[in-house]
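Remarks on the structure that follows.
The model shown is predicted, which means the values in this text are computed figures rather than measured ones.
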Amino acid sequence: MRKPFFKLAAISLLLAASSPTVMAVEHTNPFLTPYTTKYQIPPFEQIQISDFIPAIKAGIEEQKQNMFAITANRAVPDFDNTILPLENLSPILERVAGVFYHYDSALSTDEFAAMAEEAIPLLNEASNQLNLNEQLFQKIQDVYNRRDKLGLTPVQKRVVEKYYKSFTEQGAALPADKKEQLIKVNDELSKLFIQYNKNLLNATNSFFVTVYDENDLAGLPESSIAVAAEEAKSRGLDGLWVFTLHAPSRLPVLQSSENRGLREAIYKGYTSLASYGDNNNYPVIEKIVKLRAEKAKIMGFDNFAQMMTSRVMAKTPEAAINLLTQVFEPAVKRSHEEVADMQAIVDSENGGFKIAPWDYYYYADKVKKQKYDIDENEVRQYFSLDNVLNGLFSAAERLYGIKMVEMPDAPKYMDQVTVYDVVDSKTGEHIAVFMTDYFPRASKRQGAWMEQLQSCGLFEDGERRPIVYNVGNFTPAAGDTPALLTIDEVETTFHEFGHALQAILSRAPYKSIAGTNVDRDYVELCSQMNEHWAFSPELLKTYARHYKTGEVIPDELINKLEKSSKFNQGFATTELAGAALLDLKWGMTDGSDINVPAFEGQVATEIGMPEEITFRYRSPYFKHIFGDDGYASGYYTYLWSQVLEADAWELFQKNGIFDKKTADSFKKNILESGDTEDAMVLFKRFRGHEPDTHALLRLRGFE
C-alpha cells in the first residue's frame with residue numbers, strides 16, 4: 001500500500017565562559033531550519049513531540065507569506081513566478097508534515113496522539129488556505145489558459161495542468177458560499193479520521209486471547225508459540241501464551257491451530273474490531289459517509305464515488321464496478337470449488353461441521369498440503385528476513401543497476417529501523433535513501449506501506465534525491481530463531497519495495513509529478529509487478545537458504561511453490577474484489593439512514609459474497625477508506641492495477657525475467673517517469689498495446 005501524496009532538532013551544549021563546570025542545555029526546533037544531516041535525513045534523535053505544533057504554525061505562516069508573494073506579484077503570471085514557487089511553498093511545513101504523518105502511522109504513542117488531535121486540524125486549515133485561495137487560483141488558471149502559448153516544455157505543461165486539476169478538485173473554483181461549506185465539511189472529516197484511527201489502534205491493542213493449556217497450541221509452529229509466550233511474559237503471565245490481532249500472531253492461529261475454538265475466537269475478535277464499546281467505529285463511519293455525500297454535492301457530483309473516480313483512469317464508478325464484476329464472478333465460482341475441497345477433508349475426518357469463515361485458512365492449508373505436498377512452516381525455514389532482503393536487493397541490482405549500502409550511523413526514529421544509501425552499482429553515485437521498519441509494536445498501525453519523507457525534484461536549495469521508507473508488521477524473531485517470514489510476508493516485502501523503487505528511481509524534475517505522485521489506479525502497478533520476482537526460481541536459488549544449515553532451497557520445494565502459486569486464488573480475489581465493491585457502494589450512497597452492519601450485509605447479498613468468506617476488511621477496520629480519503633472509493637485500484645501488472649509481466653515472461661532490454665524499458669517508461677506523461681501513454685510505450693483485461697484472468701488461473 002502506498003500512502004496518499006497530499007499528506008504531505010539540534011541540542012546544543014553550551015559551556016559558560018566564566019565557569020567551565022556550568023553546562024546549559026538549549027533545544028532548537030529542528031523543523032525550523034534546513035536539515036544539516038547527510039542527504040537531509042530528518043535528525044530523528046533530536047525531534048521532540050513539543051516541536052511539532054510550533055513548527056506547523058511556523059510553516060503555516062511561511063505558506064501564507066509565500067502565497068502572498070505569488071498573488072501580489074504584478075508581473076504576468078507564468079511558470080516561473082506562479083507554478084514553480086508552489087513546488088516549495090513552505091519548506092518548514094513540508095519538513096514537519098513529512099515526519100508527522102509518518103509518526104502518525106508508525107510511532108503513535110499516547111503523547112504523540114494527544115498532540116496530533118491539535119495538529120491535524122491545523123494541517124487541514126493549511127490545506128484549505130492553499131487550495132481555496134481565490135487569488136492564487138486565478139493566477140494558476142491564467143497560466144493554465146495560456147499554457148500552449150508560453151513556450152513550456154511538455155513536462156512543464158504537465159505540471160501546470162496537474163496544479164490546475166488539483167486546485168479545481170479541491171474546490172478552488174467554487175463560489176464563496178460553497179467554499180465555506182467545503183471548509184466546514186473538511187474540518188469535520190479530519191476530526192472523524194482522527195477518531196476512527198484512534199479507535200482502531202486502541203481496539204487492536206486491547207484484544208487478546210490467553211491460552212492456559214499447552215495442548216490447545218497443537219498445530220501451531222514453534223515460532224508462533226514462542227512469540228505468544230513472549231507476549232504473555234511481557235504482560236506478567238509467565239508460563240502462559242497470549243495471541244493478539246497483529247498479523248504475525250493472528251494469521252498462524254487461523255492457518256495452523258488445530259483448536260477450532262481458538263481459531264473462532266481470533267477470527268471473531270478480528271472481524272468485530274472497533275465494532276463495540278468505547279472504540280466503536282460504527283457511529284464514526286455513519287458520519288463520514290454522510291459528510292462525504294455532502295462534499296460530493298458541494299463539488300457538483302451525484303455521489304462521492306463519482307467524484308473520486310472522475311479524477312483517475314477509471315473515470316466513473318460504473319467502469320470500476322464493471323472491471324470488478326469481470327473478476328469477481330469467476331473468483332466466486334473458483335471459491336466454491338475451493339470450499340468443496342475443504343469440506344471433503346472435514347467430512348473425511350468426521351468433523352461433523354460445515355466450513356465456516358474461521359476454518360478457511362486452516363483447511364485451505366490442508367488442501368494445499370494434500371494437493372501439492374507443501375507445508376508453509378517448512379517453507380518459512382528458507383525465508384529469514386535477512387535472506388529475503390538479500391534477494392530483494394539482488395533483484396533490484398540485476399534489473400535496475402542499484403545497490404543498497406547500509407548507513408549504520410544515519411539518524412533513525414527507532415532502533416529497529418535500518419537505513420540504506422541507494423547507489424548506482426557501477427558508479428557509486430547517490431540515488432536515494434531507503435529505510436525499513438518491519439516489526440509490529442503497540443504504537444504502529446497494522447498493515448504494510450511505503451511513503452516518502454522527501455521526494456526528488458527541485459527544492460529551495462536545488463535538486464535533491466528521495467528519502468523513502470517501507471513499514472511492515474512481520475513475524476519477529478523469537479528466542480534463537482530469527483524472523484522467519486511467511487509466504488505472504490515475503491510477497492508483501494517485494495510489494496512495498498516495488499512502491500519504493502518508483503520513488504527511488506524517479507527522474508521527474510518536479511516534486512509534484514515525481515515518484516508515486518501518480519493516479520491512484522496506476523500507483524499499484526510497480527508494487528504488484530515487483531511481487532513476481534519473489535518466488536521466481538531463478539532468484540529463489542540465490543537467496544532462499546535454510547536459516548540453520550545454509551542449504552539452498554531444493555528444486556523440489558521450488559517446484560511445489562510454482563505449482564501452488566495459483567492455489568486459493570478464488571478466496572484471495574473474492575475477498576479483495578468484495579471489499580472493493582463494498583468501498584464503491586459506500587461511495588455511491590447518499591449517506592442517509594445508515595446502519596453499518598446492515599449495509600454490509602445488503603452489499604454482501606447483492607454481489608453474491610460466499611458465506612464462508614468475509615470482505616478483506618470490514619468497515620470498522622477498513623482504514624484504507626475510512627482512516628483518510630486516500631483509497632476511499634478507490635480500493636478497486638488494486639485490481640485495476642493488477643490488469644496492468646499482469647499484462648506487463650507477460651512481456652517479462654516472454655523475454656526473460658531479467659532481460660536487460662525489457663528491464664531498461666520498464667525502468668525508463670514506468671519507474672523513472674512518475675507523472676511526466678499520461679499513465680496510459682507510458683504503459684503503452686512499455687507494453688506496445690493497451691492493457692488486456694484477460695491477462696489478469698490468465699494470471700489468476702481463471703482462464
Side-chain angles (χ1 to χ4, degrees), residues 1-5 169 288-289 292 296 301-332 335 447 449 495 499 516 518-529 531 569-589 599-600 602-604 606-609 613-619 621-648 679-680 683 690-697 699-700 702:
M1 169 186 163
R2 190 260 160 182
K3 290 175 65 186
F5 157 66
E169 289 174 350
I288 289 174
V289 172
R292 282 176 170 167
F301 293 90
D302 293 338
N303 56 59
F304 185 75
Q306 190 183 85
M307 181 180 81
M308 297 301 281
T309 53
S310 72
R311 302 173 176 181
V312 290
M313 292 173 75
K315 302 306 179 191
T316 67
E318 289 76 19
I321 288 173
N322 180 53
L323 169 75
L324 292 170
T325 302
Q326 290 181 54
V327 178
F328 185 73
E329 290 177 353
V332 169
S335 76
W449 62 94
H495 176 101
H499 280 310
T516 53
V518 298
D519 282 354
R520 174 63 64 200
D521 48 6
Y522 178 66
V523 76
E524 295 295 335
L525 165 61
C526 298
S527 56
Q528 291 169 167
M529 188 72 174
E531 292 176 20
Q569 282 300 307
F571 168 79
T573 309
T574 297
E575 67 161 7
L576 172 61
L581 286 164
L582 174 64
D583 168 38
L584 285 166
K585 296 293 184 181
W586 273 126
M588 296 171 77
T589 181
F599 186 86
E600 288 184 344
Q602 177 187 329
V603 172
E606 181 183 323
I607 66 176
M609 194 77 172
I613 303 177
T614 310
F615 298 112
R616 174 168 288 187
Y617 302 104
R618 288 195 56 241
S619 303
Y621 53 93
F622 204 163
K623 184 178 169 67
H624 287 78
I625 68 168
F626 290 120
D628 54 45
D629 277 339
Y631 280 83
S633 290
Y635 193 67
Y636 75 90
T637 58
Y638 281 95
L639 277 168
W640 189 280
S641 294
Q642 281 174 11
V643 171
L644 307 179
E645 160 242 326
D647 200 3
M680 188 61 76
F683 180 84
E690 291 193 355
D692 175 11
T693 306
H694 291 274
L696 176 59
L697 300 179
L699 178 66
R700 301 234 163 182
F702 300 152

With sequence neighbours left out, the residues meeting ring-ring contact (aromatic ring centres under 6.0 Å, His included) with Phe571 are Tyr360, Tyr361
Phe622 meets the ring-ring contact (aromatic ring centres under 6.0 Å, His included) criterion, sequence neighbours left out, with Tyr617, Tyr635
Could you tell me which residues satisfy side-chain hydrogen bond (donor to acceptor under 3.5 Å, both in side chains) with [X], sequence neighbours excluded, listed by chain and number?
X      : answer
Arg311 : none
Thr614 : Tyr267
Glu690 : none

Are [X] and [Y] packed together at the side-chain level, in the sense that at least one heavy-atom pair is separated by less than 4.5 angstrom?
X      : Y      : result
Phe615 : Ile607 : yes
Leu584 : Leu324 : yes
Gln306 : Ser633 : no
Asp583 : Met308 : no
Phe328 : Thr574 : yes
Tyr636 : Thr309 : yes

Begin with the C-alpha distance, continue with both residues' side-chain angles, and end with the deciding distance and a verdict on side chain to side chain contact (heavy atoms under 4.5 Å, CB included) for Glu606 and Lys585.
CA-CA 11 Å; Glu606 181 183 323; Lys585 296 293 184 181; 2.7 Å; yes
Looking at [X] and [Y], what are the two nearest heavy atoms and their distance?
X      : Y      : value
Asp647 : Pro691 : OD2-CA, 3.4 Å
Ala646 : Leu699 : CB-CD2, 3.8 Å
Ile288 : Phe626 : CD1-O, 3.7 Å
Met588 : Ala305 : CG-CB, 3.7 Å

Between [atom1] of [X] and [atom2] of [Y], what distance do you get to the nearest 0.5 Å?
X      : Y      : atom1 : atom2 : value
Glu524 : Leu644 : CD    : CG    : 11.0 Å
His499 : Trp449 : NE2   : CH2   : 13.0 Å
Ile613 : Leu576 : CD1   : CG    : 11.5 Å

Contacts of [X] that satisfy salt bridge (charged side-chain N to carboxylate O under 4.0 Å, His left out) - sequence neighbours left out:
X      : answer
Glu531 : none
Asp692 : Arg698
Arg700 : none

Main-chain N/O of [Y] paired with [X] side-chain donor or acceptor, under 3.5 Å:
X      : Y      : answer
Gln528 : Tyr638 : yes
Ser310 : Met307 : yes
Asn303 : Ala296 : no

Review point. Do Glu600 and Ser619 meet the criterion of a side-chain donor-acceptor pair at a distance under 3.5 Å?
Key: yes
The side chain to side chain contact (heavy atoms under 4.5 Å, CB included) partners of Thr637 (sequence neighbours excluded) come to Arg520, Asp521, Tyr631
Those residues at least two apart in sequence (or on a different chain) that pass side chain to side chain contact (heavy atoms under 4.5 Å, CB included) with Pro330 are Leu697, Phe702
Listing, residues 315-323 side-chain donor-acceptor contacts under 3.5 Å, not counting sequence neighbours, or none:
unit_1 : atom_1 : unit_2 : atom_2 : d
Lys315 : NZ     : Val312 : O      : 3.1
Thr316 : OG1    : Ala319 : N      : 3.0

The complete set of salt bridge (Lys or Arg N to Asp or Glu O under 4.0 Å) pairs with one or both residues in residues 632-645, sequence neighbours excluded, reads none
